Amino acid sequence: MDDVRAMHIANGIINGPVSAIFILIAVAGLAVCVRRAKVDLDDRLAPMAGLVAAFIFAVQMLNFQVLPGVSGHLLGGTLAVILVGPWVGALCVATVLLVQALVFADGGLTAIGLNITNMALIGTAAAYLLVALLLRVLPRTVGSLGTTALIASVIGVVVASLGFVAEYALGGTTELSLGGVAATMAGVHTLIGIGEGLIAATTVVTVAKVRPDLVYALRAFRKQPTVAKTGVTA
Amino acid sequence: MKKFVIAGLFVALLLAGVVSHFASGSPDGLDHAAREGCTFNADDEITGGTCMAQREQEHQLADSPFADYGIKGIDNEFLSTGLSGVAGVLLTFAIGGGLFWLLRRRSPAGGTH
């Protein structure tokens with residue numbers, strides 16, 4: 001039983017029309033990300049983003065136990081937005097999901113829009129909002145960066161899991177109580193989010209210690225005050 | 001930069017290639033929610049109840065050579081999972097890195113690359 005199991009939404013759980021709508025939503029969302037990512041991507045960020053995508057693929061294979069008989073794995077949104085920013089970060093997670101669906105038969109092709117919307121768009125956006133907020137208010141220490149990664153992970157993962165609940169409400173093919181599904185998803189994903197948070201915090205703190213210049217969030221939210229005098233525009 | 005990327009890739013390959021062997025085999029959070037309400041026999045087949053997993057359909061590419069994080073034809077589970085993980089990391093880096101490299105802002109002529 002130690003083979004890696006399928007981990008994303010399979011075909012058939014959400015009906016065809018709703019799955020199709022979410023493919024359109026995912027395409028539209030990713031198109032916006034591509035446009036904005038072009039502004040961020042340069043000779044330094046591009047290879048870093050490739051590495052972040054590969055790293056997320058690797059860590060997603062490492063399911064950790066959260067309850068007896070229940071495991072969880074990293075989604076990767078928080079890690080990605082801290083290291084490479086929100087737009088490129090969303091594209092990193094989407095790349096992983098596409099490779100998994102097209103090559104590893106994980107996450108149905110019909111369900112690809114659902115999976116991308118939840119994990120690459122919604123979860124990543126929630127994580128980024130928290131990162132942007134927390135890095136502005138917390139003290140400028142490496143510890144704060146770790147704390148930020150932990151909190152943003154928990155919220156990001158729970159929000160992504162609620163994305164599934166919303167999709168189930170719109171097009172679930174079974175008649176289960178929505179409250180029950182929501183409670184199970186949010187409950188388990190709070191625990192998974194803590195696991196993700198510990199992995200994300202360890203990773204970003206390590207990078208921040210070795211190469212702080214490669215951490216997007218530190219560049220974006222901790223600009224040295226000396227160059228931030230008013231009246232100087234870029 | 002090059003050194004950092006190579007070191008990072010090495011860590012990713014180690015995680016996907018070796019550490020993946022020690023990953024939990026339990027259903028993940030989503031799968032757990034999908035199975036809730038059903039009973040299962042020793043072969044993990046649904047024996048009763050109502051749950052989302054009953055409506056799950058097979059993946060369109062279930063016969064792909066890398067399906068379910070293994071490599072078709074390799075029976076040794078450690079090798080099969082590990083090598084598929086290594087392939088996945090390299091493929092994701094190639095596709096992601098290639099895509100991001102194409103999308104990047106070109107630096108002014110005379111750049112270091």
Side-chain angles (χ1 to χ4, degrees), chain A residues 1-13 34 37-38 41-51 53-55 57-59 61-65 69-73 88 92 95-96 99 102-106 108-109 161 164 172-176 181 184-185 188-189 192 211 214, chain B residues 1 4-5 8-9 11-13 15-16 19-34 36-37 50-52 54-62 64 66-70 77 81 84-85 88-93 95-101 103-105 107 111-113:
Chain A
M1 277 294 283
D2 49 11
D3 56 331
V4 177
R5 302 176 66 118
M7 49 184 142
H8 303 310
I9 304 173
N11 295 324
I13 289 183
V34 166
K38 281 181 180 172
L41 283 166
D42 56 21
D43 285 357
R44 186 173 56 166
L45 192 62
M48 182 66 182
L51 174 60
F55 187 79
F57 177 92
V59 182
M61 287 181 77
L62 310 179
N63 281 55
F64 47 85
Q65 208 74 25
V70 187
S71 74
H73 58 80
V88 178
C92 285
T95 303
V96 172
V99 168
L102 294 172
V103 181
F104 294 89
D106 182 14
L109 297 188
S161 82
F164 172 78
T173 52
T174 40
E175 303 286 326
L176 298 168
V181 173
T184 302
M185 283 299 281
V188 176
H189 283 88
I192 294 173
R211 287 290 302 269
L214 294 180
Chain B
M1 187 71 219
F4 181 87
V5 171
L9 266 184
V11 173
L13 288 170
L15 292 175
V19 182
S20 60
H21 182 64
F22 303 100
S24 163
S26 299
D28 72 0
L30 175 71
D31 202 14
H32 167 71
E36 200 169 60
T50 309
C51 64
M52 296 176 214
Q54 282 167 319
R55 303 297 300 270
E56 233 170 73
Q57 291 157 9
E58 194 169 58
H59 198 282
Q60 289 95 332
L61 305 173
S64 129
F66 288 110
D68 300 322
Y69 303 93
E77 210 171 75
T81 302
S84 82
V89 166
L90 294 176
L91 191 65
T92 307
F93 181 72
I95 293 176
L99 177 81
F100 295 129
W101 191 251
L103 286 176
R104 83 193 189 285
R105 277 182 286 123
S107 50
T112 48
H113 293 282

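Naming convention: chains lettered A, B, ... in sequence-line order (proteins, then strands); numbering from 1 in each chain. The structure presented is a predicted model; accordingly, all values stated were derived computationally and were not measured.
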Student: Check whether any side-chain heavy atom of A:Met185 lies under 4.5 Å from a side-chain heavy atom of B:Leu30, and answer yes or no.
Tutor: yes
Student: Within the 4.5 Å heavy-atom criterion, are A:Thr184 and B:His32 side-chain neighbours or not?
Tutor: yes
Student: Does any non-hydrogen side-chain atom of A:Pro47 lie less than 4.5 Å from one of B:Phe4?
Tutor: no
Student: Would you mind telling me which of B:Gln54, B:Arg55, B:Gln57, B:Glu56 makes a side chain to side chain contact (heavy atoms under 4.5 Å, CB included) with A:Ile13?
Tutor: B:Glu56
Student: Do you know which of A:Asp106, A:Val181, A:Val188 has the most heavy-atom pairs under 4.5 Å to chain B?
Tutor: A:Asp106
Student: At a heavy-atom separation under 4.5 Å, does A:Ala37 approach chain B through its side chain, its backbone, both, or neither?
Tutor: neither
Student: Go through the side-chain N and O atoms of B:Thr50 and A:Glu175 and say whether any donor and acceptor fall under 3.5 Å apart.
Tutor: no
Student: Given a strict heavy-atom distance threshold of 4.5 Å, which part of B:Ala62 is in contact with chain A: side chain, backbone, both, or neither?
Tutor: backbone
Student: If you compare all heavy atoms of B:Ala12 against all heavy atoms of A:Phe55, which two are closest, and at what distance to 0.1 Å?
Tutor: CB-CA, 4.1 Å
Student: Out of A:Val96, A:Thr95, A:Val59, A:Thr173, which one racks up the most heavy-atom pairs below 4.5 Å with chain B?
Tutor: A:Thr173
Student: Between B:Ser84, B:Ala34, B:Gly97, who has the most heavy-atom pairs with chain A when the cutoff is under 4.5 Å?
Tutor: B:Ser84
Student: If you compare all heavy atoms of A:Ala58 against all heavy atoms of B:Val89, which two are closest, and at what distance to 0.1 Å?
Tutor: CB-CG2, 3.8 Å
Student: Is A:Val88 close to chain B through its backbone or its side chain, or both, or neither, when contacts mean heavy atoms under 4.5 Å?
Tutor: both
Student: Does A:Ser71 use its side chain to pair, donor to acceptor, with the backbone of B:Ser26 at less than 3.5 Å?
Tutor: yes
Student: Would you please test A:Leu109 and B:His59 for side-chain contact (heavy atoms from CB on, under 4.5 Å) and show each step?
Tutor: CA-CA 7 Å; A:Leu109 297 188; B:His59 198 282; 3.9 Å; yes
Student: Under 30°, 30 to 60°, or over 60°: which ring-plane class applies to B:Tyr69 and A:Phe104, parallel, tilted or perpendicular?
Tutor: parallel
Student: Hey, is CD on B:Glu58 packed in by over 12 heavy atoms from elsewhere, all under 6.0 Å?
Tutor: no
Student: To the nearest 0.5 Å, what is the distance between CG on A:Leu62 and OG on B:Ser24?
Tutor: 11.0 Å
Student: Under 4.5 Å from any heavy atom of chain B, what part of A:Val70 do you find: side chain, backbone, both or neither?
Tutor: both
Student: Check the pair A:Phe57, B:Leu91 against side-chain contact (heavy atoms from CB on, under 4.5 Å), reporting the backbone distance first and the verdict last.
Tutor: CA-CA 10 Å; A:Phe57 177 92; B:Leu91 191 65; over 6 Å; no
Student: Which value, rounded to the nearest 0.5 Å, describes the distance between A:Leu51 atom CG and B:Met1 atom CE?
Tutor: 7.0 Å
Student: Could you check whether any side-chain heavy atom of B:Leu15 comes within less than 4.5 Å of a side-chain heavy atom of A:Met61, counting everything from C-beta outward?
Tutor: no
Student: Please rank A:Arg44, A:Gln65, A:His8 by heavy-atom pairs under 4.5 Å with chain B and give me the top one.
Tutor: A:Gln65
Student: So for A:Leu214, is it side chain, backbone, both, or neither that comes closer than 4.5 Å to the heavy atoms of chain B?
Tutor: side chain
Student: Return the option, out of B:Leu9, B:Asp28, B:Val5, with the maximum number of heavy-atom pairs under 4.5 Å with chain A.
Tutor: B:Asp28
Student: At a heavy-atom separation under 4.5 Å, does A:Leu176 approach chain B through its side chain, its backbone, both, or neither?
Tutor: side chain
Student: Check for a donor-acceptor pair, side chain of B:Arg104 on one end and backbone N or O of A:Leu41 on the other, with a separation under 3.5 Å.
Tutor: no
Student: If you count heavy-atom pairs within less than 4.5 Å of chain B, which of A:Gly69, A:Ala53, A:Ala10 leads?
Tutor: A:Gly69
Student: Below 4.5 Å from any heavy atom of chain B, which atoms of A:Ile192 appear? Answer side chain, backbone, both or neither.
Tutor: side chain
Student: Could you give me the CA-CA distance, side-chain angles and deciding distance for B:Trp101 and A:Asp43, then say whether side-chain contact (heavy atoms from CB on, under 4.5 Å) is met?
Tutor: CA-CA 7 Å; B:Trp101 191 251; A:Asp43 285 357; 4.0 Å; yes
Student: Find the one option among B:Gly96, B:Gly98, B:Ala67 whose heavy-atom pairs under 4.5 Å with chain A are most numerous.
Tutor: B:Ala67
